[in-house]
Amino acid sequence: MKVVTWNVNSLTARWARVSEFLSSRQPDVLLIQETKQSEEKFPSADFAELGYEAVHYGQGQWNGVAIVARDGVSDVRRGFGDADPEARVISARVGEWRMFSCYAPNGRALDNPHYTYKLQWLDRLREEVTAHRGERLLLGGDFNVARTDLDCWDPSSFVGATHVSVPERAALEGVLDAGLVDLARRHQPEGPLYTWWDYRNGSFRRGWGLRIDYLLSDPTSAEDLREVYVDRETRKGERPSDHAALVAQFDRRAPAD
DNA sequence: ATGTCAAATGGTATTTGA
């Protein structure tokens with residue numbers, strides 16, 4: 001079972017890269033963030049041609065999340081069931097899992113109202129995870145928080161910035177403490193594991209990255225983890241997203257009976 | 001030089017967001 005999370009920064013602009021990725025890497029599940037597409041524009045038929053069922057929660061210009069899977073996708077839920085107008089979370093049953101594709105708010109600046117919205121959104125996600133405790137869970141997405149200083153290329157240059165502040169990190173830990181394992185860090189306790197590099201400044205070439213994209217699972221499922229890696233090829237080449245795809249491979253479990 | 005990229009608007013450029 002290969003599961004991937006990837007913030008594509010516009011599925012319209014990234015279609016060639018995404019379709020090539022599905023064809024060549026053959027993941028079982030792809031969790032997408034920032035489709036930046038309306039429901040009408042989302043290319044369900046093109047995913048079907050590649051052998052995937054795709055479900056989407058989009059609003060058009062900004063945000064937009066999707067779950068793309070080879071096997072059946074059912075019981076789709078869009079948003080948190082509250083008044084949030086921004087399309088930042090979709091979940092569905094995929095096989096024996098409940099999977100989530102998540103796109104946390106950016107925060108913009110520590111004194112910006114969007115920062116408060118970010119903290120509240122992460123707390124709402126924590127509640128959601130708590131409500132599903134005991135189930136097979138897999139969350140993937142762009143959480144817009146570098147969990148520790150190990151996840152930031154230069155902590156000294158991020159003093160006073162978003163993505164590394166104490167409240168943001170506490171909010172992310174709250175999600176994890178609700179019963180999830182940080183799969184990349186479990187597999188590789190040391191090392192940078194960056195998933196995002198600014199388009200500017202030649203950041204990718206210079207290694208100026210952040211780890212802000214995560215795959216999180218319940219502890220039982222984490223026992224089946226075989227490997228996790230950042231697919232750096234997705235950040236290279238023609239018209240890349242500013243995020244790389246994060247890949248987790250699970251060993252198949254014996255069917256329950 | 002926050003040095004790029006993407007979407008939207010009403011453009012052959014500017015604003016907003018990341």
Side-chain angles (χ1 to χ4, degrees), chain A residues 5-21 30-43 46 56-66 79 84-90 101-122 125 140-147 151-165 167-169 171-172 194-214 230-246:
Chain A
T5 187
W6 192 9
N7 180 327
V8 299
N9 183 18
S10 169
L11 186 55
T12 307
R14 221 63 61 208
W15 178 252
R17 299 295 302 257
V18 171
S19 58
E20 189 282 330
F21 180 87
L30 174 60
L31 305 169
I32 299 177
Q33 300 84 41
E34 283 206 89
T35 65
K36 297 184 177 178
Q37 288 175 329
S38 62
E39 301 293 17
E40 297 72 37
K41 198 168 183 191
F42 184 74
D46 295 318
H56 180 228
Y57 180 34
Q59 63 183 85
Q61 183 176 7
W62 306 117
N63 311 313
V65 284
D84 188 350
E86 303 203 355
R88 295 184 174 278
V89 62
I90 185 172
S101 180
C102 306
Y103 177 47
N106 172 283
R108 297 178 189 166
L110 299 186
D111 59 357
N112 191 298
H114 202 255
Y115 177 80
T116 308
Y117 168 54
K118 178 180 192 173
L119 297 179
Q120 289 169 342
W121 190 92
L122 287 167
L125 181 62
D142 175 2
F143 291 80
N144 269 316
V145 180
R147 194 179 168 197
D151 303 315
C152 177
W153 65 275
D154 181 17
S156 68
S157 70
F158 276 79
V159 174
T162 59
H163 294 62
V164 300
S165 72
E168 286 167 280
R169 285 176 168 171
L172 178 58
Y194 302 147
T195 61
W196 174 86
W197 300 261
D198 201 310
Y199 281 123
R200 297 168 288 192
N201 313 320
S203 294
F204 182 66
R205 177 176 54 77
R206 296 160 119 157
W208 293 357
L210 297 176
R211 186 170 77 105
I212 55 177
D213 299 271
Y214 299 85
V230 177
D231 185 346
R232 297 173 59 91
E233 296 305 311
T234 57
R235 185 62 178 80
K236 303 175 184 173
E238 288 282 309
R239 293 189 82 187
S241 170
D242 46 355
H243 295 253
L246 176 65

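The shown structure was predicted, so the numbers you read here are calculated from the model rather than taken from an experiment. First the proteins, then the strands, lettered A, B, ... as listed; each starts at 1.
- With sequence neighbours excluded, no residue satisfies ring-ring contact (aromatic ring centres under 6.0 Å, His included) with A/Tyr194.
- Taking the C1' atoms as reference points, B/dT16 lies 15 Å from B/dG10, given to the whole Å.
- Distance check on atom P: B/dA13 versus B/dA1 gives 24 Å, rounded to whole Å.
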When you check every protein heavy atom under 4.0 Å of nucleotides 2-8 of chain B, what one-letter string (B, S, -) results, 5' to 3'?
BBBSSSS
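- By the side chain to side chain donor-acceptor pair (under 3.5 Å) test, A/Lys41 is found to be paired with no residue, residues two or more places apart in sequence or in another chain being considered.
- For A/Thr116, the side chain to side chain contact (heavy atoms under 4.5 Å, CB included) partners two or more places apart in sequence, or in a different chain, are A/Gln120.
- Taking a cutoff of 4.0 Å between a charged side-chain nitrogen and a carboxylate oxygen, A/Glu233 and A/Lys236 qualify as a salt bridge.
- Counting to the nearest Å, the P atom of B/dA18 and the CG atom of A/Asn7 are 11 Å from each other.
- Following rounding to the nearest Å, A/Gln33 (CD) and B/dA18 (P) show an atom-to-atom distance of 15 Å.
- A/Asn112 pairs by the side chain to side chain donor-acceptor pair (under 3.5 Å) definition with nothing, not counting sequence neighbours.
- The separation between A/Asp213 atom CG and B/dA18 atom P is 15 Å, rounded to whole Å.
- Listed by chain and residue number, nothing satisfies the ring-ring contact (aromatic ring centres under 6.0 Å, His included) test with A/Tyr115 (two or more places apart in sequence, or in another chain).
- B/dA6 and B/dG11 have their P atoms separated by 23 Å, with the value rounded to a whole Å.
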